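Here's the structure, in structure tokens; my notes come after.
As the structure is a prediction and not an experimental result, all values here were calculated from the model. We name chains A, B, ... by the order of the sequence lines, and we start the count at 1 in each one.
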Amino acid sequence: MKIKLKSEEVKVFYKDFQALHGIDIDIYENRVTALIGPSGCGKSTFLRTINRLNELIQGTKTEGRIYLDQKDIYSAEIDVVALRKKVGMVFQKPSVFPMSIYENVAYGPKIHGIKNKAQLDSIVEKSLIAANLWQEVKERVHKPAAGLSGGQQQRLVIARVLAVEPEVILMDEPASALDPISTSKLEELIGELKKNYTIVIVTHNMQQAARVSDYTGFFLNGELIEYSKTKELFVNPRDKRTEDYITGRFG
Amino acid sequence: MKRNKINERLVEILLRVSASASVLAIIIITFFIFYKGIPLLAKVGIIDFLFNLNWNPTKGSFGIGAMVIGSLAVTLSSLIWSVPLGIMTAILMAEIAPPKFSGILSRLVELLAGIPSVVYGFFGLIVIVPMIRNYLGGVGLSVLAGAIVLGIMILPTIINISRDAINAVPEEYKVNSLALGATHYQSISRVILPAARSGIITAIVLGLGRAIGETMAVLMVTGNSAVIPDSLLSPVRTMTSNIVLEMGYAAGDHQAALFATGTVLFVFIVILNLAVSISMKAGTEDGN
């Protein structure tokens, strides 16, 4: 199995606070990797090192190396814009831009230089189909995206990410603001997307991690305590702390 | 217990009286402006009053066409440079500058807003008018001098309101846009500014309202001849200047004509305010 992402000794500091204490992890191509752990354990922070989004917060310092296809994304010659085109991200709260559904999806391709109307039309349609949203919105793609339900908005955000044709998709608790039906639709979608993408998902919900992921990493206090196949981690945890967490003794 | 109730009642009455007083003042002023202005408008005819270029009130000729054009010329030429400058400053303050620098800038803008208009006029008269005379020709008292002074005066309005509008755009829009591989400038121009559009339009219209109503500074630097300006360097008279210049000695129909000028200005400002509320409403319907 091909390793898509590899991190070595990744440490993150917010001013005086050290959020990550050296994370080493291999993330496999076309697999879903879940990162679990209690609030403040550093799982989201780690996710944001992969598309270098932590840099937006003043006073953040990142050490260590992260390789995407053997290339260190923290080396000087890496263009952050090109990196973020390859590594898309879906956030906790769906945030659609105040424009039409069509314009939301076309946003990424447009900023990356695609102007041809027919080409944009086809990208928008393909992305909405891939995000399982096309059937619900095809009659009103030129209506404001704000009119969609929360679950539809989250799938729209995913379509917007897919339109840029990323290789890796990061998801930061993508279902935490959704109702159960929307959540199950989203989980189904994640299962379909892994055929073409490598997915890293941060979740609070252990059942969700067990349902959608192939690999799971357990974070605690800025360290990666245990990382293995999802089944193994949940059925047969090696570390006592992992066992305590997944059996609900804390967190 | 009972005392509390009486106190409460008193406060309520006090608030009601204050609110009614200000509303009453507005109603009386409005009534008065129309009461004094409308008869002359009816006598001369609105079309003739607005578009006739001959202002010779002592000889019975009441056309404020030249002043309408003067007001528009000075106002629009001030907006042409102050709107882009103001919006760009707002973008710098809200999005690009470090918070400390932005804070200093914001203080300076507040200071700019607090300077009395007569001081701006004086500055224009002493500094800008001679500069125009020496470097560009003409007498210096001109549309251009008015445009420069007015532009500076409305910058605070445009900057403050645009900056607030940009700051009110949810941070997630920017983060999402950056995460899609957009640059900071792409995010500003394609997501943040469109999302702040209605606020920025409000800023421009309020600036416009302030510019068209400004009197003292304009009066001091524009030369005030009641003819149509043929270039940026010609002197010009605005509607507001017209009222101030002649109210001291006007009587009868002449005085009524000045009130009618005020009526025209008043209607203009009301239309602008309506435009603002419509644009704000359109903004909320977009879902921002």
Side-chain angles (χ1 to χ4, degrees), chain A residues 47-48 50-58 79-101 103-113 127 143-148 153 156-166 168-172 177, chain B residues 87 90-105 161-162 164-203 278-288:
Chain A
L47 199 71
R48 284 160 181 255
I50 304 174
N51 63 350
R52 293 180 57 173
L53 214 55
N54 281 324
E55 288 166 24
L56 297 184
I57 303 162
Q58 292 219 335
D79 175 17
V80 180
V81 166
L83 169 72
R84 291 184 186 145
K85 193 169 173 294
K86 274 191 202 166
V87 183
M89 182 155 189
V90 177
F91 297 83
Q92 187 169 357
K93 204 178 126 218
S95 168
V96 300
F97 298 145
M99 38 180 104
S100 70
I101 295 170
E103 289 298 330
N104 263 279
V105 183
Y107 179 80
K110 275 186 178 172
I111 56 172
H112 296 301
S127 308
K143 292 270 157 61
L148 298 175
Q153 289 192 12
L156 176 61
V157 168
I158 292 173
R160 194 169 67 192
V161 169
L162 298 181
V164 211
E165 301 184 327
V168 178
I169 302 175
L170 310 175
M171 298 187 173
D172 192 356
Chain B
I87 293 175
I91 294 170
L92 176 87
M93 289 168 78
E95 281 296 323
I96 297 160
K100 226 182 196 166
F101 179 69
S102 199
I104 296 172
L105 214 55
I161 299 174
S162 307
D164 290 349
I166 295 169
N167 275 335
V169 174
E171 182 73 14
E172 292 106 66
Y173 290 173
K174 187 165 100 187
V175 177
N176 271 271
S177 171
L178 291 174
L180 286 164
T183 62
H184 193 178
Y185 292 100
Q186 284 172 327
S187 308
I188 291 171
S189 66
R190 292 174 188 237
V191 180
I192 298 174
L193 288 185
R197 192 188 54 219
S198 68
I200 292 173
I201 292 173
T202 305
I278 289 169
S279 93
M280 301 243 262
K281 218 170 168 188
T284 40
E285 272 162 16
D286 278 355
N288 336 327

* To do: Measure A/V80 against the heavy atoms of chain B and call it side chain, backbone, both or neither at under 4.5 Å.
  => neither
* **Interface residue of largest heavy-atom contact number with chain B, from A/G147, A/S95, A/A82, A/A163, under 4.5 Å** => A/S95
* Between atom CD of B/Q186 and atom NZ of A/K110, what is the distance when rounded to the nearest 0.5 Å? -> 12.5 Å
* Identify which of A/L56, A/I111, A/V81 forms the greatest number of heavy-atom pairs closer than 4.5 Å to chain B. => A/I111
* Contacting moiety of A/K86, where chain B heavy atoms sit under 4.5 Å -> neither
* Asked: Do other residues, nucleotides or ligands put more than 12 heavy atoms under 6.0 Å from the CD atom of A/Q92?
  -> yes
* Of the options A/E55, A/R84, A/R52, which is the one that meets B/L178 in a side chain to side chain contact (heavy atoms under 4.5 Å, CB included)? -> A/R84
* Can you say whether A/V161 sits under 4.5 Å from chain B via the side chain, the backbone, both, or neither, judging by heavy atoms? -> both
* Structure fact -> Closest heavy-atom pair, A/H112 versus B/L180, reported as atoms and distance to 0.1 Å, is NE2-O, 3.0 Å
* Within-4.5 Å side-chain heavy-atom neighbours: A/F97 and B/P194 -> no
* Asked: Considering only heavy atoms from C-beta outward, does the side chain of A/M89 approach that of B/N176 to under 4.5 Å?
  -> no
* To do: Please look at B/V169 and chain A and tell me whether the side chain, the backbone, both or neither of the residue comes under 4.5 angstrom of a heavy atom of that chain.
  => neither
* Going by heavy atoms in the side chains, are B/E172 and A/F91 under 4.5 Å from each other? -> no
* Structure fact -> The interface call for A/V90 against chain B, heavy-atom contacts under 4.5 Å, is neither
